[in-house]
Amino acid sequence: SGPRLDRVLALAAFAVAGLLAACGQSEKFNRSAYDVCLADAKKPDSKIAKATFADFEGSKVVSSTGADQFRVNIPYEQGGQKGLFQCIAEKNRDGTFKAVF
């Protein structure tokens with residue numbers, strides 16, 4: 001049973017490594033979606049360009065319609081008023097993101 005057990009353990013380790021890699025990729029995509037939406041919120045022509053925005057950890061990023069769109073909610077404060085900047089970030093084929101809403 002030694003070689004068989006080794007094979008099972010090797011397959012289990014491979015599966016866990018795959019899950020961890022997918023999780024890391026997801027985190028990377030979420031952060032990229034946040035970054036592009038934050039840049040969109042801070043555009044000079046934005047009404048909230050000068051606001052103080054929550055960091056990535058204080059924001060919420062959710063995969064939306066399919067794996068290529070992410071809904072990003074970034075809390076902000078400006079002039080004593082709190083708000084929520086909402087954005088849809090879309091993943092391009094090359095792995096970069098663009099704000100589409």
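Because the structure is predicted, anything quoted here is derived from the model rather than measured.
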Looking at Gly83, is its backbone amide N or carbonyl O close enough to the side chain of Gln78 to form a donor-acceptor pair, meaning the two atoms are under 3.5 Å apart? no
Treating Ser46 as the side-chain partner and Lys42 as the backbone partner, does any N or O pair qualify as donor plus acceptor under 3.5 Å? no
Do the ring planes of Phe53 and Phe85 sit parallel (below 30°), tilted (30 to 60°) or perpendicular (above 60°)? perpendicular
For Asn73 and Ser59, the nearest pair of non-hydrogen atoms, with its separation, is O-CB, 3.3 Å
Which value, rounded to the nearest 0.5 Å, describes the distance between Asp68 atom CG and Phe97 atom CZ? 8.0 Å
Interatomic distance, CD@Glu90 vs CD@Gln69, rounded to 0.5 Å, equals 4.5 Å
Main-chain N/O of Thr96 paired to Asp94 side chain as donor or acceptor, under 3.5 Å: yes
Would you sort out whether Phe56 and Asn30 count as a side-chain contact (heavy atoms from CB on, under 4.5 Å), showing the intermediate values? CA-CA 9 Å; Phe56 173 72; Asn30 287 352; 4.0 Å; yes
Decide yes or no for Phe70 and Tyr34: does some side-chain heavy atom of the first lie under 4.5 Å from some side-chain heavy atom of the second? no
Which residue, Leu38, Ile48, Thr52, forms the side chain to side chain contact (heavy atoms under 4.5 Å, CB included) with Tyr76? Ile48
